[in-house]
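Read through the structure below, which is laid out as structure tokens, and then see the notes.
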2 protein chains.
Amino acid sequence: MPDGNAKKPSRIQKRNRRVILDAALEVFSSYGYRGSTLDQIAAEAGLSKPNILYYFDGKEAIHVTLLSRLMQTWLDPLVAMDPLGDPREEILAYVQRKLDMARDLPRESRLFAGEILMGAPRMMPHLQTDLRSLFDEKCALIQHWIDAGRLPDLDPQHLIFSIWSTTQHYADFDVQVRVLQPDDPDPHARASLHLRAMFGRMLTL
Amino acid sequence: MPDGNAKKPSRIQKRNRRVILDAALEVFSSYGYRGSTLDQIAAEAGLSKPNILYYFDGKEAIHVTLLSRLMQTWLDPLVAMDPLGDPREEILAYVQRKLDMARDLPRESRLFAGEILMGAPRMMPHLQTDLRSLFDEKCALIQHWIDAGRLPDLDPQHLIFSIWSTTQHYADFDVQVRVLQPDDPDPHARASLHLRAMFGRMLTL
DNA sequence: TAGAATTTTTACCATTTGGTAAAGTCACGA
DNA sequence: TCGTGACTTTACCAAATGGTAAAAATTCTA
């Protein structure tokens with residue numbers, strides 16, 4: 001019974017768990033939770049369905065595992081915002097990191113978006129704890145910068161919302177972006193310039 | 001056989017079709033296409049499942065009907081951007097209209113977001129025609145304003161993307177916003193001020 | 001290498017779900 | 001008010017899907 005909490009995951013266990021989670025990420029991010037089937041995940045992973053269920057307690061357990069691991073990755077760029085750095089450059093660097101994530105981890109972005117869009121049925125606890133405390137902390141930091149006259153007067157919470165939405169847009173609404181810019185060889189580069197210009201202006205005293 | 005293309009929809013037909021579409025919007029926007037069942041829609045509409053299928057050819061037909069009608073509503077605020085108005089005020093007014101839509105039509109916004117997130121399997125034709133031509137037209141308009149020196153040099157396409165993403169964020173990621181701002185009595189008002197400030201700065205020469 | 005433990009497959013099962021056939025019920029014009 | 005067409009319900013069905021039991025195969029260890 002290797003699922004749940006095994007003490008010493010064997011080599012095979014480690015490999016297959018990773019393979020399953022990767023396949024599940026691919027499938028869940030493409031079709032959503034309800035739109036994905038264990039058969040699809042099994043096919044993508046190159047394993048049989050009962051074999052999948054040997055490693056995870058069920059479809060929901062796979063999804064929950066993915067979301068839990070995702071949360072860490074998701075918060076890292078915000079964690080890296082340094083109170084000791086230059087306010088403007090710290091925030092602009094955060095925008096850039098977020099945009100890079102949308103390009104490099106589109107599946108993770110869409111998985112997250114789908115979960116939130118559905119009302120976060122499985123992620124709510126994580127939001128209320130991890131995300132919430134980090135969000136409050138960084139909002140306070142930005143407010144502190146504002147009070148010290150190092151940033152113009154702005155709304156820290158909605159600034160972060162705008163950073164999230166504009167960057168994740170390029171992953172979550174990827175199809176739409178591609179339909180409207182079919183010939184752009186490097187949409188990411190132009191997006192980066194645009195966002196740097198926009199937030200750069202906003203953060204200038 | 002009232003589905004498809006009836007000539008003269010009776011009073012009952014009109015009422016029930018409307019009731020069904022409204023129920024389907026509620027259900028689809030909450031659980032996604034695959035996550036929604038005809039039984040749910042039937043229950044929400046107060047009708048039996050076979051009765052639903054008397055008015056629509058099937059689950060997919062309901063979804064397609066909703067998406068088709070939605071596209072019009074969705075494009076209206078952009079259509080209203082007037083080439084003869086003041087560039088800055090026209091764009092800022094568009095931002096405001098979009099934000100109002102996120103507040104007043106959150107179900108429509110989430111339905112649209114879910115469809116795009118899943119790769120627009122049913123909406124792709126509409127995107128490639130209606131949306132595409134309007135997008136190109138308004139990008140050209142903005143570029144024209146820039147060339148005339150009436151707007152600062154910016155990227156019209158990505159400006160529109162940023163307007164879409166920041167405004168729809170308040171509908172699509174509503175749960176997240178509420179988790180992070182549990183005490184805000186009027187999040188919409190603050191969002192409006194924030195977006196006006198942000199895009200206002202961006203559009204200032 | 002023998003035996004134990006782990007991993008994988010085969011053969012199922014119960015439920016859900018989109019959809020249909022056909023019988024009944026209702027509304028309305030002649 | 002009567003008959004015809006529009007509407008609704010009842011009773012189903014086939015396929016898909018999450019999940020299980022147990023046998024078979026493989027790997028690890030003493």
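Values below: all heavy atoms of this structure, side chains included; hydrogens, waters and symmetry mates excluded. Letters A, B, ... mirror the listed sequences (proteins, then strands); counts begin at 1.
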Fill in: Any A/R196 side-chain heavy atom under 4.5 Å of A/V95 side chain
no

Worksheet item: More than 12 non-hydrogen atoms from neighbouring residues, nucleotides or ligands closer than 6.0 Å to CG on A/D147, yes or no?
Response: yes

Worksheet entry | Rounded interatomic separation in angstrom, taking NZ from B/K59 and C1' from C/dT16 | 11 Å

Discussion item. Just the rounded figure in Å: distance from P of C/dT6 to CZ of A/R17.
Written reply: 13 Å

Worksheet entry | Atom-to-atom span, CD1 of B/I52 to C1' of C/dG18 - whole angstrom | 13 Å

Discussion item. Check the orientation of A/H158 and A/F161. Use parallel for under 30°, tilted for 30 to 60°, and perpendicular for over 60°.
Written reply: perpendicular

Worksheet item: Can you name the closest pair of heavy atoms from B/H194 and A/S162 and give their distance?
Response: NE2-OG, 2.7 Å

Discussion item. If the cut-off is 4.0 Å, is A/Y54 near the phosphate of C/dT7, judged by side-chain N/O to OP1 or OP2?
Written reply: yes

Worksheet item: Looking just at side-chain N and O atoms, do A/Q72 and A/D76 make a donor-acceptor pair shorter than 3.5 Å?
Response: no

Practice prompt. Tell me whether the guanidinium CZ or amine NZ of B/R17 lies under 6.0 angstrom from the six-membered ring centre of B/F56 and within 45° of its axis.
Written response: yes

Worksheet item: Can you tell me how far C1' of C/dA11 sits from CG of A/N51, to the nearest Å?
Response: 16 Å

Worksheet item: Taking the six-membered ring of A/Y33, is the NZ or CZ of A/K59 close enough (under 6.0 Å from the centre) and on axis enough (within 45°)?
Response: yes

Worksheet item: What integer distance in Å separates A/Q13:CD from D/dC28:P?
Response: 12 Å

Worksheet item: C/dT17 C1' sits how many Å from B/I62 CD1, rounded?
Response: 14 Å

Practice prompt. Compare side-chain N and O positions of A/S48 against OP1 and OP2 of C/dT8 and report whether any pair is under 4.0 Å apart.
Written response: no

Worksheet entry | Between D/dT10 (P) and B/K49 (NZ): distance, integer Å | 14 Å

Worksheet item: Between atom CZ in B/F56 and atom C1' in C/dT20, what is the gap in whole Å?
Response: 19 Å

Fill in: Nucleic acid contacts - residues 28-40 of chain A versus DNA chain C, non-hydrogen atoms under 4.0 Å
A/R34

Worksheet item: Should A/N16 be listed as having a side-chain N or O under 4.0 Å from OP1 or OP2 of C/dT8?
Response: yes

